[in-house]
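Data block below; observations after.
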Amino acid sequence: MSGREMQSFTQFAPHYFNFMNQSFSSKKPTVLAKIVGVYRIGFRNKLTNNSLRQDMLIMENLFYNKKTVKIFDLKGSVRSRYVPSSSKSDVLLDENLLEFICDSPLFLRPHSKLLLSQSIMSDTHFLSQHHIMDYSLLVGIDESNSELVVGIIDFIRTFTWDKRLEMWVKASGLLGGHGKMPTVIAPELYRKRFCEAMDRYFLMVPDKWHGLGVDLESCVHADDDIVCS
């Protein structure tokens with residue numbers, strides 16, 4: 001991590017661990033990737049007396065023991081979010097996903113769609129409250145188990161003055177972009193765009209239970225009886 005990122009993390013870390021503790025205690029769904037630890041590595045060359053110090057943040061490996069055939073890093077933006085894929089190991093971006101789902105849509109069962117949506121809404125609300133932006137949803141497609149493996153990563157960067165300047169320059173069109181919304185935007189706007197995009201990317205497919213109980217909404221209780229119109 002850079003010095004700025006380390007400073008941001010030390011301010012954000014207590015809130016993160018408190019949020020994760022509450023989520024696990026209350027069994028509240030979350031897709032925030034788990035932070036394993038933060039380490040400072042130091043090295044000094046005895047011959048040259050040169051020294052090196054690096055701060056490292058270690059996060060869980062979302063794809064451990066998974067056979068992922070495609071991996072996407074999604075931010076909800078289509079500005080410069082395309083990778084000309086040349087190998088199966090490439091991490092693809094939003095425009096690659098849009099290209100992919102034209103032929104192979106990513107369908108979720110109603111329960112899975114609900115859990116994913118609730119997790120993303122809750123997690124991003126927490127992040128925006130602490131001025132965090134520029135995070136991604138990392139998605140792996142495990143075809144052997146017919147699973148999507150997901151987790152929000154890169155949630156250390158705060159909306160500092162340099163990010164405000166970058167947003168203004170990109171929004172002005174001085175660097176091109178063809179009028180598209182810049183990648184770097186204020187935390188609440190970033191959250192709104194992110195949530196809307198993730199809702200579009202993952203579609204719900206009805207199962208055999210879908211729609212059951214709809215007619216019960218027109219039922220009213222009369223003493224101990226239930227009367228339906």
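Crowding of Lys113 atom NZ: a count of heavy atoms from other residues, nucleotides or ligands under 6.0 Å exceeding 12. The local environment of NE2 in His15 is crowded, with over 12 non-hydrogen atoms from other residues, nucleotides or ligands closer than 6.0 Å.
The distance from atom CG of Leu97 to atom CG of Asp73, rounded to the nearest 0.5 Å, is 11.0 Å. Rounding to the nearest 0.5 Å places CD1 of Ile120 at 5.0 Å from CG of Leu137. Atoms OG and NE2, from Ser8 and His130 in turn, are 13.0 Å apart once rounded to the nearest 0.5 Å. The line from CD1 of Ile71 to CG of Asn96 is 13.0 Å long, rounded to the nearest 0.5 Å. Taking OG1 of Thr10 as the start and CE of Met1 as the end, the distance is 8.5 Å to the nearest 0.5 Å. In this structure, OG on Ser128 lies 12.0 Å from CZ on Phe194, to the nearest 0.5 angstrom.
With Ser112 contributing its side chain and Leu108 its backbone, the two residues share no donor-acceptor pair below 3.5 Å. Listed for the Arg81 side chain is no donor-acceptor partner under 3.5 Å among the backbone atoms of Leu93. Remark: the backbone N or O of Leu32 is paired with a side-chain donor or acceptor of Thr30 at under 3.5 angstrom. The main-chain N or O of Glu147 is never found under 3.5 Å from a side-chain atom of Asn145 such that the two would form a donor-acceptor pair. Distance alone, capped at 3.5 Å, places no donor-acceptor pair between the Lys66 side chain and the Val149 backbone. Listed for the Glu60 side chain is a donor-acceptor partner under 3.5 Å among the backbone atoms of Lys34. Side-chain atoms of Glu5 come within 3.5 Å of backbone atoms of Ser2 as a donor-acceptor pair (strictly under, hydrogens ignored).
Between the side chains of Asn49 and Arg44, a donor-acceptor pair is found at a separation under 3.5 Å.
Using a 4.5 Å heavy-atom cutoff, the side chains of Asp90 and Lys70 are not in contact. Asp142 is not listed as a side-chain neighbour of Leu148, based on a closest heavy-atom distance of 4.5 Å or more.
A salt bridge is absent between Lys192 and Glu188: the closest approach of a Lys/Arg side-chain nitrogen to an acidic carboxylate oxygen does not fall below 4.0 angstrom.
Contact between Tyr135 and Arg191 at its shortest, heavy atoms only, is OH-CA, 3.5 Å.
Linking Ile, Leu, Val, Met, Phe, Trp and Tyr whenever their side-chain heavy atoms come within less than 4.5 Å leaves Ile153 and Met56 in two separate clusters. Hydrophobic clustering, with ILVMFWY side chains joined whenever heavy atoms are under 4.5 angstrom apart, groups Val31 together with Phe24.
Ring pair Phe9/Tyr16: centre-to-centre distance not below 6.0 Å. Under the 6.0 Å cut-off for aromatic ring centres, Phe12 and Phe126 qualify, their centroids lying closer than that.
Between Lys75 and the choices Asp154, Asp94, Asp134, the salt bridge (charged side-chain N to carboxylate O under 4.0 Å, His left out) rule is met once, by Asp134.
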